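These numbers were taken from a predicted model, which means no experiment stands behind them.
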Amino acid sequence: MVTINVAVLLAVVVIWRLRRRTEARSRFDEKLTVVIVLALGVLLSPTPVGQGILNVLGQLTSGVTQASR
């Protein structure tokens with residue numbers, strides 16, 4: 001039996017959808033992509049990968065904030 005991680009499947013779908021040309025997208029298409037990306041974020045946030053991304057982004061934003069002072 002083959003199991004597919006839902007987060008990996010959503011990541012593949014997001015990459016596939018973002019590879020399309022911008023001119024060919026409708027508003028519904030863009031909204032659907034946003035919903036899929038949000039679902040991917042919800043699935044990744046409690047995992048160690050999601051926590052690592054959060055830490056990196058937090059350090060990056062604090063570095064930018066301190067550099068602007």
Side-chain angles (χ1 to χ4, degrees):
M1 184 170 126
V2 177
T3 59
I4 297 175
N5 189 347
V6 176
V8 173
L9 181 62
L10 279 178
V12 169
V13 169
V14 166
I15 291 169
W16 176 68
R17 292 182 64 83
L18 291 178
R19 286 181 46 121
R20 295 177 48 202
R21 291 192 353 221
T22 305
E23 298 87 26
R25 294 185 190 152
S26 66
R27 283 198 167 181
F28 175 75
D29 210 21
E30 290 177 353
K31 289 178 183 177
L32 184 61
T33 302
V34 168
V35 168
I36 292 171
V37 169
L38 286 174
L40 179 62
V42 167
L43 288 174
L44 284 180
S45 61
T47 64
V49 173
Q51 295 300 315
I53 292 171
L54 180 65
N55 289 337
V56 168
L57 289 177
Q59 291 174 0
L60 180 66
T61 55
S62 67
V64 169
T65 304
Q66 290 177 359
S68 66
R69 290 183 184 176

- Which residues satisfy the side-chain hydrogen bond (donor to acceptor under 3.5 Å, both in side chains) test with T47, sequence neighbours excluded? none
- Message: Going by the rule side-chain contact (heavy atoms from CB on, under 4.5 Å), which residues pair with L43 if we only count those two or more places apart in sequence or in a different chain?
- Response: V6, A7, L10
- V42 meets the side-chain contact (heavy atoms from CB on, under 4.5 Å) criterion, sequence neighbours left out, with none
- Any residue meeting side-chain contact (heavy atoms from CB on, under 4.5 Å) with S26, in chain and number order, not counting sequence neighbours: F28, D29
- Task: May I ask you to list the residues sharing a hydrophobic cluster with V35, side-chain cutoff 4.5 Å, ordered by chain and number?
- Result: none
- Task: May I ask you to test the E30-V34 pair for a side-chain heavy-atom distance under 4.5 Å?
- Result: no
- Sole candidate of L38, L32, T33 that passes side-chain contact (heavy atoms from CB on, under 4.5 Å) when paired with I36: L32
Which side-chain N or O atoms in residues 48-64 pair as donor and acceptor under 3.5 Å with protein atoms at least two apart or in another chain?
unit_1, atom_1, unit_2, atom_2, d
Q51, NE2, S45, O, 2.7
N55, ND2, Q51, O, 3.3
T61, OG1, L57, O, 3.1
T61, OG1, G58, O, 2.9
S62, OG, G58, O, 3.3
S62, OG, Q59, O, 2.9

